[in-house]
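Both counts, for ligands and for their atoms, begin at 1 and track the order of listing. Residues take their numbers from the sequence shown, with the count starting at 1.
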Amino acid sequence: MNVFLIGSGGREHALAWKLAASPLLKKLYAAPGNPGIAAHAELVALDIDDHDAVAAFCRNRRIDLVVVGPEAPLVAGLADTLRAAGIAVFGPSAAAAQLEGSKGFTKDLCDRHAIPTAAYRRFNNAPKAKAYLREKGAPIVIKADGLAAGKGVTVAMTLAEALEAVDACFEGAFGAAGAELVIEDFLEGEEASFFCLCDGTTALPFGTAQDHKRVGEGDTGPNTGGMGAYSPAAVMTPDLVEATMRTIIEPTMRGLAEAGTPFSGVLYAGLMLTRDGPKLIEYNVRFGDPECQVLLMRLEDDLLVLLKAAADGQLAPMSARWRDEAALTVVMAARGYPGTPEKGSQIAGLEAAAGEGVEIFHAGTAQVDGGLVAAGGRVLNVTALGASVAEARERAYAAVDRIDWPGGFCRRDIGWRAIARETHDG
Ligand code: AMP
């Protein structure tokens with residue numbers, strides 16, 4: 001099969017690495033790609049916002065499957081254009097991608113199908129939103145409706161903070177994404193990520209993970225795209241997986257199919273494990289980054305077979321087998337992240353740092369004059385397998401310590417929650 005991968009981050013490097021391991025792969029292309037992806041794929045200079053150009057490329061190169069990594073092209077309808085041109089694609093239509101593209105859309109769907117989630121109201125103006133906040137009080141959560149690169153959510157612990165978040169949103173802090181907002185009740189519990197591959201009707205459970213969003217150790221400081229992750233999330237017991245499938249994933253799949261907008265691709269549920277059971281915090285319509293990296297390290301089966309089956313509506317007879325080991329990834333970021341990361345610092349020693357059960361995925365690197373430099377905020381994902389999360393963590397940090405990159409930093413406590421649990425249970 002000829003496969004075309006869209007995206008340029010650590011998630012897409014992990015996808016490229018795993019797709020390249022498939023005996024069914026003839027040729028892998030990627031756009032925009034990155035220096036890590038280039039080890040597995042031919043990088044193509046193509047504007048991925050130009051959907052017709054992407055479709056033309058697929059026809060010329062006889063592409064059998066397009067794999068879309070990030071959410072933005074999906075929300076913009078890339079999968080629709082490709083499907084209309086008869087090209088198989090892993091990723092949802094624009095209509096189904098509203099699960100991520102509009103918080104209000106997802107909350108209304110939950111409401112119609114009695115899917116457990118925080119109680120909510122939608123607003124398109126500040127006075128009404130503020131009146132509701134004064135009635136409800138804090139803690140409370142304010143969310144810009146649209147895609148805001150992970151920055152549109154304020155968990156307000158005081159009423160003042162909540163009122164400020166409403167003003168910021170309607171004053172344009174998130175651009176068009178903030179023209180509407182959702183206010184929802186604050187949920188208490190532990191968070192976990194749950195993934196399913198979907199083909200429109202069937203949802204195949206595809207692993208669990210937990211991540212660390214804050215930049216600082218002890219989960220402190222500003223939010224980031226994610227500073228590390230591990231899989232599996234032991235907190236997601238088989239009972240919780242069953243409850244999540246029954247009360248959240250399956251009604252979502254049914255609801256979208258009944259509405260004429262079936263979901264295919266990867267459905268990523270952000271869950272709050274509350275005393276009353278799992279509740280949906282949010283949906284994403286693509287793999288998490290860096291959760292994808294740890295999931296794929298653990299996947300035993302052929303990823304290409306699974307993604308093609310999802311694209312073709314053929315998931316029902318499939319299963320996914322996983323290694324017994326845990327996987328953990330440490331994100332190395334450029335100094336200054338998540339503010340303004342310093343670009344251009346030299347990175348060396350990656351070959352020496354990788355090894356058996358250790359993969360270093362490129363998230364934001366560039367090749368300049370034959371050397372590797374930092375070219376983004378999150379730059380490397382140092383990912384390792386181990387018999388336990390604790391062992392995976394040890395191996396990941398041993399690899400981190402062999403990387404020669406004075407311009408980078410990472411958190412030193414990735415996995416602390418799972419390791420505390422392992423120590424307690426063990
Ligand atoms: P979201 O982008 O919707 O996943 O929200 C980002 C983060 O905000 C989540 O990962 C949670 O940590 C937090 N959050 C979102 N909604 C709630 C809620 N209703 N209650 C408590 N925390 C929340």
Rounded to the nearest 0.5 Å, how far does CG of L299 lie from CH2 of W322? 4.5 Å
For I281, counting its heavy atoms only, list the atoms of ligand 1 lying under 4.0 Å from any of them. 3 (O), 4 (O), 15 (C), 16 (N)
If you count the atoms of ligand 1 from 1 in the order shown, which ones are under 4.0 Å from a heavy atom of M272? 21 (C), 22 (N)
May I ask you to decide if the ring planes of F361 and H13 are parallel, tilted or perpendicular, using 30° and 60° as cut-offs? perpendicular
Rounded to the nearest 0.5 Å, what's the gap from NE2 on H113 to CE on M253? Could you check? 12.5 Å
Test item, E188 contacting ligand 1 (heavy atom, 4.0 angstrom): no
State the CG-OG distance between N284 and S193, to the nearest 0.5 angstrom. 8.0 Å
Atoms in ligand 1 with a heavy atom of K103 nearer than 4.0 Å: 1 (P), 2 (O), 3 (O)
Indicate, with yes or no, if the rings of F123 and Y132 have centres closer together than 6.0 Å. yes
Mind checking the NZ-CG spacing from K308 to D199? Nearest 0.5 Å is all I need. 12.5 Å
Looking only at non-hydrogen atoms, the one of V155, I140, I183 nearest atom 13 (C) of ligand 1 is V155
Number the atoms of ligand 1 from 1 as they appear, then name those within less than 4.0 Å of a heavy atom of K143, with their elements. 3 (O), 15 (C), 16 (N)
d(M297 CE, E359 CD) to nearest 0.5 Å is 5.5 Å
For ligand 1, indicate whether the residue E191 contacts it via side chain, backbone, both or neither (heavy-atom separation under 4.0 Å). side chain
D185: heavy atom below 4.0 Å from ligand 1, yes or no? yes
Could an N or O of ligand 1 be found under 3.5 Å from any N or O of L187, whether backbone or side chain? yes
Among all protein heavy atoms, pick out the one at the shortest distance from atom 5 (O) of ligand 1; state its residue, atom name and that distance to 0.1 Å. V153 CG2, 3.5 Å
Once the angle between the rings of Y29 and F57 is folded into 0 to 90°, is it parallel (under 30°), tilted (30 to 60°) or perpendicular (over 60°)? perpendicular
Run the numbers for me: atoms of ligand 1, each under 4.0 Å from some heavy atom of E184, listed by number. 16 (N), 17 (C), 18 (C), 19 (N)
